[in-house]
Amino acid sequence: EVQLVESGGGLVQAGGSLRLSCAASGFTFDDYDIGWFRQAPGKEREGVSCISSSDGSTYYSDSVKGRFTISSDNAKNTVYLQMNSLKPEDTAVYYCAATPQFANPKRLCSTYSNFGSWGQGTQVTVSS
């Protein structure tokens, strides 16, 4: 059974940083692509960043490019999302998701329907 557990969310002031972790189990980590999505109240779930397991290529949405960094530690079956220069508009529940290798992280992140397995989410709140 695929399991994804997010951690690292919290309350931070604007300009601050957080690192989210997504611990994966129940599947061959090297064979799955991972994405980070977020959902703010009243808004659709949007792809923030995705990473391809085949070549390590990454994608970032325009709203986080240059501020967020996705990385993968295959030895720990964990994907991280380092979030710097946080803004109030980054406030949302952040989810990690997994899917068998998709190859194109930009297309992968384009819709949540590309993913079949999800974590429970972790709240990120950025105060102004």
Side-chain angles (χ1 to χ4, degrees):
E1 178 187 2
V2 173
Q3 288 196 335
L4 301 167
V5 179
E6 303 97 334
S7 61
L11 173 64
V12 65
Q13 288 189 333
S17 298
L18 285 173
R19 188 177 79 158
L20 305 183
S21 299
C22 173
S25 62
F27 60 96
T28 303
F29 189 73
D30 292 353
D31 293 339
Y32 276 65
D33 294 346
I34 303 292
W36 283 99
F37 283 70
R38 67 186 181 186
Q39 189 165 20
K43 294 189 176 181
E44 287 193 358
R45 192 168 296 192
E46 64 166 337
V48 173
S49 182
C50 289
I51 185 166
S52 169
S53 59
S54 63
D55 62 2
S57 57
T58 58
Y59 165 82
Y60 298 94
S61 67
D62 287 343
S63 60
V64 307
K65 196 176 298 181
R67 300 187 297 122
F68 290 11
T69 303
I70 191 170
S71 61
S72 178
D73 186 336
N74 287 11
K76 296 183 177 180
N77 284 8
T78 299
V79 173
Y80 303 97
L81 186 68
Q82 177 66 44
M83 306 187 298
N84 298 329
S85 302
L86 283 161
K87 304 175 180 180
E89 51 264 43
D90 294 318
T91 295
V93 178
Y94 283 70
Y95 300 89
C96 70
T99 191
Q101 282 184 357
F102 199 88
N104 185 317
K106 180 177 181 179
R107 280 181 54 208
L108 185 63
C109 258
S110 64
T111 173
Y112 63 84
S113 63
N114 285 330
F115 291 86
S117 301
W118 293 85
Q120 82 288 350
T122 185
Q123 176 70 47
V124 171
T125 303
V126 185
S127 63
S128 56

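Side chains are part of it too, since the values below use all heavy atoms of this structure and drop only hydrogens, waters and symmetry mates. These figures come from a predicted structure and were not determined experimentally.
Summarising the hydrophobic clusters (Ile, Leu, Val, Met, Phe, Trp, Tyr; side-chain heavy atoms under 4.5 Å, direct or chained), the residues clustered with Val93 are Phe37, Tyr95, Phe102, Leu108, Tyr112, Phe115, Trp118.
Gln39 meets the side-chain hydrogen bond (donor to acceptor under 3.5 Å, both in side chains) test with Arg45; sequence neighbours excluded. Residues satisfying the side-chain hydrogen bond (donor to acceptor under 3.5 Å, both in side chains) test with Ser52, not counting sequence neighbours, are Ser54, Asp55. Every residue two or more places apart in sequence or in another chain that forms a salt bridge (charged side-chain N to carboxylate O under 4.0 Å, His left out) with Arg67 is listed here: Asp90. For Ser127, there are no side-chain hydrogen bond (donor to acceptor under 3.5 Å, both in side chains) partners at least two apart in sequence or on another chain. Applying the salt bridge (charged side-chain N to carboxylate O under 4.0 Å, His left out) criterion to Glu46, with sequence neighbours excluded, gives Arg38. Remark: Lys43 pairs with no residue by the side-chain hydrogen bond (donor to acceptor under 3.5 Å, both in side chains) rule, at least two apart or across chains. For Thr111, the side chain to side chain contact (heavy atoms under 4.5 Å, CB included) partners are Ser113, Asn114, not counting sequence neighbours.
Remark: side-chain polar atoms of Gln82 are not paired, donor with acceptor, to backbone N or O of Thr69 under 3.5 angstrom. Formation of a donor-acceptor pair under 3.5 Å by the Asp73 side chain with backbone atoms of Thr78 is not found in this model. Remark: side-chain polar atoms of Thr91 are paired, donor with acceptor, to backbone N or O of Val126 under 3.5 angstrom.
Within the structure, ring pair (Phe, Tyr, Trp, His ring centres under 6.0 Å) contacts touching residues 56-75 (residues at least two apart or in different chains) do not occur. Each disulfide bond (SG atoms under 2.5 Å apart) pair with one or both residues in residues 46-77, not counting sequence neighbours, appears once here: Cys50-Cys109.
Tyr32 and Ser53 get closest at one heavy-atom pair: O-CB, 3.1 Å. Of all non-hydrogen atoms in Arg107 and Asn104, the two that sit nearest each other are N-OD1, 3.0 Å. Contact detail for Thr122 and Glu6: the closest heavy-atom pair is CG2-CB, 4.0 Å.
Rounding to the nearest 0.5 angstrom, the gap separating the CH2 atom in Trp36 from the CG atom in Leu81 is 6.0 Å. Here Cys96 contributes atom SG and Leu4 contributes atom CG; the two are 4.5 Å apart, rounded to the nearest 0.5 Å. Note that the OG atom of Ser49 and the OH atom of Tyr80 stand 15.0 Å from one another [nearest 0.5 Å]. The structure places OG of Ser57 at 12.5 Å from NZ of Lys106, a figure rounded to the nearest 0.5 Å.
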Which pairs of donor and acceptor atoms, one on a side chain in residues 9-30, lie under 3.5 Å apart (sequence neighbours left out)?
residue: Ser17; atom: OG; partner: Asn84; partner atom: OD1; Å: 2.9
residue: Asp30; atom: OD1; partner: Asn74; partner atom: ND2; Å: 3.0

- Thr99 vs Asp33, side chain to side chain donor-acceptor pair (under 3.5 Å): CA-CA, chis, key distance, verdict: CA-CA 5 Å; Thr99 191; Asp33 294 346; over 6 Å; no
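In the hydrophobic cluster analysis, where Ile, Leu, Val, Met, Phe, Trp and Tyr join through side-chain heavy atoms closer than 4.5 angstrom, Val124 is grouped together with Ile70.
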